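From a predicted model like this one, the values you see are computed outputs, not experimental measurements.
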Amino acid sequence: GVETMNNKRQAIKELIQNHGTIAQQLHQLRVSKQLSLEKLSHDTRIPIYILDDMEIGSHPLQLSNLYILAKYYGKKVHIQLVD
């Protein structure tokens with residue numbers, strides 16, 4: 001019913017907000033390490049346009065790429081499903 005739809009909308013809104021947060025974190029990590037998109041792309045073999053999309057949050061986030069970047073930066077990924 002309506003309540004289920006509202007719950008789904010809220011979950012989607014939270015996912016979008018979290019995605020933005022991830023995008024910001026990825027950008028800040030790259031900048032803090034003084035890496036160009038070209039260097040990061042070369043090192044991770046993730047195409048520049050995908051890295052750029054991940055940093056601005058304009059493309060659906062692929063977990064495989066997120067894990068590659070987390071490993072590259074020496075970070076861990078924590079994913080949580082919430083009600």
**Q** Please report the closest heavy-atom contact between R30 and L40, naming both atoms and the distance.
**A** CD-CD2, 3.7 Å
**Q** Return the minimal non-hydrogen interatomic distance between L26 and E55, and the atom names on each side.
**A**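 The pair with the smallest heavy-atom distance is O-OE2, 3.9 Å.
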**Q** Atom CG in L51, atom CD1 in I56: separation rounded to 0.5 Å?
**A** 11.5 Å
**Q** Any link between Y73 and V31 through a network of hydrophobic side chains (Ile, Leu, Val, Met, Phe, Trp, Tyr) touching at under 4.5 Å?
**A** no
**Q** Among residues at least two apart in sequence or on other chains, which ones pass salt bridge (charged side-chain N to carboxylate O under 4.0 Å, His left out) with K39?
**A** D43
**Q** Quick one: CD1 on I68 to CD on Q62, what's the gap to the nearest 0.5 Å?
**A**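 These two atoms lie 9.0 Å from each other.
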**Q** Taking side chain to side chain contact (heavy atoms under 4.5 Å, CB included) as the definition, give me every residue that meets it alongside I50, ordered by chain and number, with sequence neighbours left out.
**A** I46, P47, M54, N65
**Q** Is the closest side-chain heavy-atom distance between L69 and L29 below 4.5 Å?
**A** no
**Q** Write down the atom of A23, the atom of G57, and the distance for their closest heavy-atom approach.
**A** CB-N, 3.7 Å
